[in-house]
Amino acid sequence: MITHPHRLPERVRIVEVGPRDGLQNEPGPIIPTETKVELINRLADAGLSHIEAASFVSPKWVPQMGDAAEVMAAIQRVPGVAYAALAPNLKGCEGAVAAKVDEVAVFSAASEAFTRKNINCSIRESLERFEPVIQLARENGIRVRGYVSTVIGCPYAGDINPAQVAAVARDLVHMGCYEISLGDTIGVGTPLRVKKMLEAVEREVSIDKLAAHFHDTYGQALANLYAVMEEGLHVIDSSTAGLGGCPYAKGASGNVATEDVVYMLNGLGIESGVDLNKLVATGHWITGQLGRGNGSKVALAMGCAES
Ligand code: HMG
Ligand code: MG
């Protein structure tokens, strides 16, 4: 007899991070601004209501995100869609505010070594830097999301103690982040481990303020998402065609593919508001533009629809 888990959510909000997490690490020439803009517009048309569109970081550190202001200026703003951008410091936040983003995201990590490689400071310093970021965003009526990276494992420090994740998540919420996205940056998690991590974080932060940001490096992301949904988590970060990785996390492959997440949610009867056919077409289109393979199994199975 099939036992139905009773705690799966009825609806999941997908945060599409492909235009940012997906493209930031793309090797080769700088992706044209028009391509980024078309990707974001297509994703909104496919029903994604929360899109991380750009990153106001140093172009020396992440050259692919160097045209964040141009991208934000050129996209078609669909009512009801939130367009977000990363900002690691006040300079980044000033750019994001000027670009009229709907949401700013600050990012730290549970690992000191990762934080140093990623944003060139300690975890404590990163939180201090975020204070004026959060203040400026709030003054401008912009909400702030917080990321905690390396919630399971770190490419430099190895296994991460869930208590460290919980402490950074708690601090970010106290500072004013409305939501904390828990990043399995190098995709090493397995279902029991992510549940244990979540259990520790939940002691400090309510599940309604948590999101799962799982990279699929070891092919575990869908299983891990199912595991955290069983605990009541209902916000999932994903990337069309499984684009992406992190320049400071060696071996990090793309985020879990949005197409694969939507297919799983559809099968579970969980609403996401996303049109899978349009999304699959978008994934094929962008991978064609980039000249790379499609990282979504669902997209490969459904074939190359008109794109
Ligand atoms: P730094 O070198 O220590 O900073 O970098 P600095 O303040 O000394 O500035 C150095 C130069 O950068 C200066 O320019 C600044 O003006 C400029 P120069 O005088 O040399 O010409 N600069 C900036 N330019 C544009 N926008 C800015 C900005 N800030 C300074 N905002 C810094 C510190 C944080 C800036 C740098 O380390 C950085 O930009 N890091 C970004 C790293 C990044 O984007 N990583 C990927 C995103 S995180 C991720 O992918 C994980 C996630 O997906 C979750 C998960 O998977 O776990 C979110
Ligand atoms: Mg990521």
Side-chain angles (χ1 to χ4, degrees), residues 15-26 52 54-70 72 84-99 101 103-111 114-123 125-130 132-133 136-137 144-156 160 165 168-169 172 177 179-189 194 197 211-217 221 224 236-239 242-258 295:
V15 180
E16 168 62 49
V17 296
R20 193 281 301 173
D21 209 351
L23 300 186
Q24 70 182 8
N25 197 31
E26 196 58 26
E52 206 170 71
S55 190
F56 289 84
V57 295
S58 165
K60 287 183 192 147
W61 287 63
V62 185
Q64 286 289 13
M65 294 287 109
D67 57 352
E70 291 79 4
M72 291 304 302
L86 296 194
N89 53 18
L90 193 53
K91 186 179 168 94
C93 190
E94 285 163 356
V97 169
V101 303
E103 173 178 301
V104 159
V106 294
F107 50 106
S108 190
S111 151
F114 184 82
T115 309
R116 177 67 60 190
K117 293 269 186 192
N118 195 32
I119 49 175
N120 203 22
C121 61
S122 68
I123 296 172
E125 285 164 344
S126 76
L127 298 177
E128 283 164 13
R129 275 185 200 174
F130 299 158
V133 171
L136 179 65
V144 182
R145 193 173 200 238
Y147 276 105
V148 184
S149 284
T150 60
V151 297
I152 303 289
C154 168
Y156 315 107
I160 295 295
V165 183
V168 181
L172 287 169
C177 292
E179 182 167 282
I180 304 299
S181 179
L182 301 166
D184 183 7
T185 317
I186 52 170
V188 288
V194 296
M197 180 275 298
H213 178 107
F214 296 162
H215 286 253
D216 202 26
T217 322
N224 293 342
I236 293 176
D237 297 3
S238 60
S239 164
L243 297 173
C246 176
Y248 303 102
K250 190 169 176 291
S253 71
N255 297 80
V256 64
T258 310

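Numbering of ligands and ligand atoms starts at 1, following listing order. Residue numbers run from 1 in the order of the sequence given.
Of the polar atoms of N118, at least one N or O is found under 3.5 Å from an N or O of ligand 1, judged by distance alone. Where the criterion is an N or O separation shorter than 3.5 Å, residue side chain and backbone included, T150 fails it with respect to ligand 1. By the 3.5 Å distance cut-off applied to N or O atoms, R20 is counted among the residues near ligand 1. Checked by distance only, ligand 1 and G92 come closer than 3.5 Å through their nitrogen or oxygen atoms. For ligand 1, one of its N or O atoms has an N or O atom of F56 under 3.5 Å away.
For the Mg ion (ligand 2), the nearest N, O or S atom contributed by H215 is named NE2. Distances from the Mg ion (ligand 2) to the N/O/S atoms of D21 are shortest for OD2. Of all N, O or S atoms in H213, the one lying closest to the Mg ion (ligand 2) is NE2.
Considering only non-hydrogen atoms, atom 29 (N) of ligand 1 lies nearest to N89 out of N89, V17, N25, I186. Summarising the contacts of atom 28 (C) of ligand 1 with E52, K91, K60, E125, the nearest heavy atom is found in K91. Between S58, A69, S55, it is S58 that holds the heavy atom closest to atom 39 (O) of ligand 1.
F56 pairs with exactly one of V97, V101, V104 by the side-chain contact (heavy atoms from CB on, under 4.5 Å) rule, that one being V101. Of the residues N89, L172, L127, the one that meets the side-chain contact (heavy atoms from CB on, under 4.5 Å) test with V106 is L172.
With rounding to the nearest 0.5 angstrom, the OG1 atom of T150 is 11.0 Å from the CG atom of L182. Atom NE2 of H213 and atom CD of E52 lie 7.5 Å apart (nearest 0.5 Å). Atom CD1 of residue I236 and atom CG of residue N255 lie 12.0 Å apart, to the nearest 0.5 angstrom. Considering CG of D237 and NE2 of H215, their distance stands at 8.5 Å, rounded to 0.5 Å.
Within the 4.0 Å heavy-atom criterion, neither part of M65 lies near ligand 1. Under 4.0 Å from ligand 1, heavy atoms of V57 appear from its side chain as well as its backbone.
Ligand-side atoms of ligand 1 in range of P88: 34 (C), range being under 4.0 angstrom from any heavy atom. Residue D21 has at least one heavy-atom neighbour below 4.0 Å for each of these atoms of ligand 1: 50 (O), 53 (O). For ligand 1, the atoms closer than 4.0 angstrom to any heavy atom of S149 are 51 (C), 52 (C), 54 (C), 55 (C), 57 (O). Taking every non-hydrogen atom of L86 and a distance limit under 4.0 Å, the qualifying atoms of ligand 1 come out as 47 (C). Counting the atoms of ligand 1 from 1 in the order shown, those under 4.0 Å from a heavy atom of V62 are 43 (C), 44 (O). Listed by number with element, the atoms of ligand 1 under 4.0 angstrom from any heavy atom of H213 are 52 (C), 53 (O), 54 (C), 55 (C), 56 (O). The contact set between ligand 1 and N120, taken as ligand atoms under 4.0 Å from a residue heavy atom, comprises 1 (P), 2 (O), 3 (O). Distances below 4.0 Å separate heavy atoms of H215 from the following atoms of ligand 1: 56 (O).
The closest approach between a heavy atom of P59 and any atom of ligand 1 is below 4.0 Å.
Residues R145 and V15 are in side-chain contact: their nearest non-hydrogen atoms beyond the backbone lie under 4.5 Å apart. Counting only heavy atoms from C-beta outward, the side chains of V57 and F107 approach each other to under 4.5 Å. Between F214 and V194 the shortest side-chain heavy-atom distance falls below 4.5 Å.
Among residues two or more places apart in sequence or in another chain, the side chain to side chain donor-acceptor pair (under 3.5 Å) test is passed with T115 by none. Every residue two or more places apart in sequence or in another chain was checked for a side chain to side chain donor-acceptor pair (under 3.5 Å) with E128, and none qualifies.
Using a distance-only test at 3.5 Å, with no hydrogens or angles considered, no donor-acceptor pair links the side chain of S149 to the main chain of A109.
Side-chain contact annotation: S108 with S126, donor-acceptor N/O pair under 3.5 Å present.
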